[in-house]
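Down below is the structure, laid out as structure tokens.
On a predicted model such as this, the values are computed, not experimentally measured, just so you know. Just so you know, ligand 1 is whichever comes first in the structure, and atom 1 is the first atom listed for that ligand.
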Amino acid sequence: MIKYNGSKKIKTAVFISGTGSNLKNLIKFSKQKNFPISINLIISNKFKAKGLIYGKIFKIKKKVFNFDNKIFTEKKILSLLVKNKIELICLAGFMKILSKSFIQKFNGKILNIHPSLLPKYKGLNTHARALKNHDKYSGCTVHLVNSKLDSGKIILQKKIKIYKNDNPSSLSKRILKHEHKLYPAAIKKLFY
Ligand code: GRF
């Protein structure tokens, strides 16, 4: 694992598909003097992803790829990552599953944030599933990405109480606030 040596920040690309609140938050943290990563590239599979606005606001290079031909697209992404000397990928609400071969090329250097207490509720609709099962707690997890969905090594996890009157939307909003603490904390834990 690469380590932060206190001067040269780890060049990072953030992959998004939607609102990009985690992206915005990571950008904010990356501006702190001792935070280990810099955000140098934003990649999206959606031309209309709201989060792309942060590329403009913070003057970070952004690029959108349609994934119609995944193998071809991933080759283009890889060469862009190499060209920009990217050392780490942070997935943040990225709704495409990357291929085994892509993940292997960045082995151990792809992080994801997932809105559940993994290994519970891999995949989509995590909040609705936790509510349906009358779980007392849900949460969020930052993990390394391996070739199996939401199954890589867990770096940090936050447990959050589910209230009686929660619905998927209220639960998702509350968990998202904790995601914004957890992702930077996991990055610090990994690279210091
Ligand atoms: C977050 O809940 C994240 O855990 C999940 O997708 C959501 C993305 O939110 N993978 P945002 O785009 O960062 O606001």
For the student: nearest non-hydrogen atoms of Lys3 and Ile10, plus distance: C-CD1, 4.3 Å
For atom 12 (O) of ligand 1, closest protein heavy-atom neighbour: Gly20 N, 2.8 Å
Closest approach of any protein heavy atom to atom 5 (C) of ligand 1, naming residue and atom: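 For atom 5 (C) of ligand 1, the nearest protein heavy atom comes out as Pro115 CD, 3.9 Å.
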Distance filter under 4.0 Å to [X] heavy atoms, resulting ligand 1 atoms:
X: Gly93; value: 6 (O), 8 (C), 10 (N)
X: Thr19; value: 12 (O), 14 (O)
X: Glu179; value: 1 (C), 2 (O), 3 (C), 4 (O)

Lys120 bridged to Asp135 by N-O distance under 4.0 Å: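 Counted as a salt bridge, because a side-chain N and a carboxylate O are separated by less than 4.0 Å.
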Whether Phe29 and Phe35 hold their rings parallel, tilted or perpendicular, with breakpoints at 30° and 60°: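 Tilted, since the angle between the ring planes falls between 30° and 60°.
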Ala92-ligand 1 polar pair, N/O distance under 3.5 Å: no
N/O separation below 3.5 Å, Ser21 to ligand 1: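 The answer is yes, given that Ser21 and ligand 1 share an N or O pair closer than 3.5 Å.
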Short side-chain donor-acceptor distance under 3.5 Å, Lys122 and Ser151: yes
Ile110 side chain near Leu144 side chain, heavy-atom distance below 4.5 Å: no
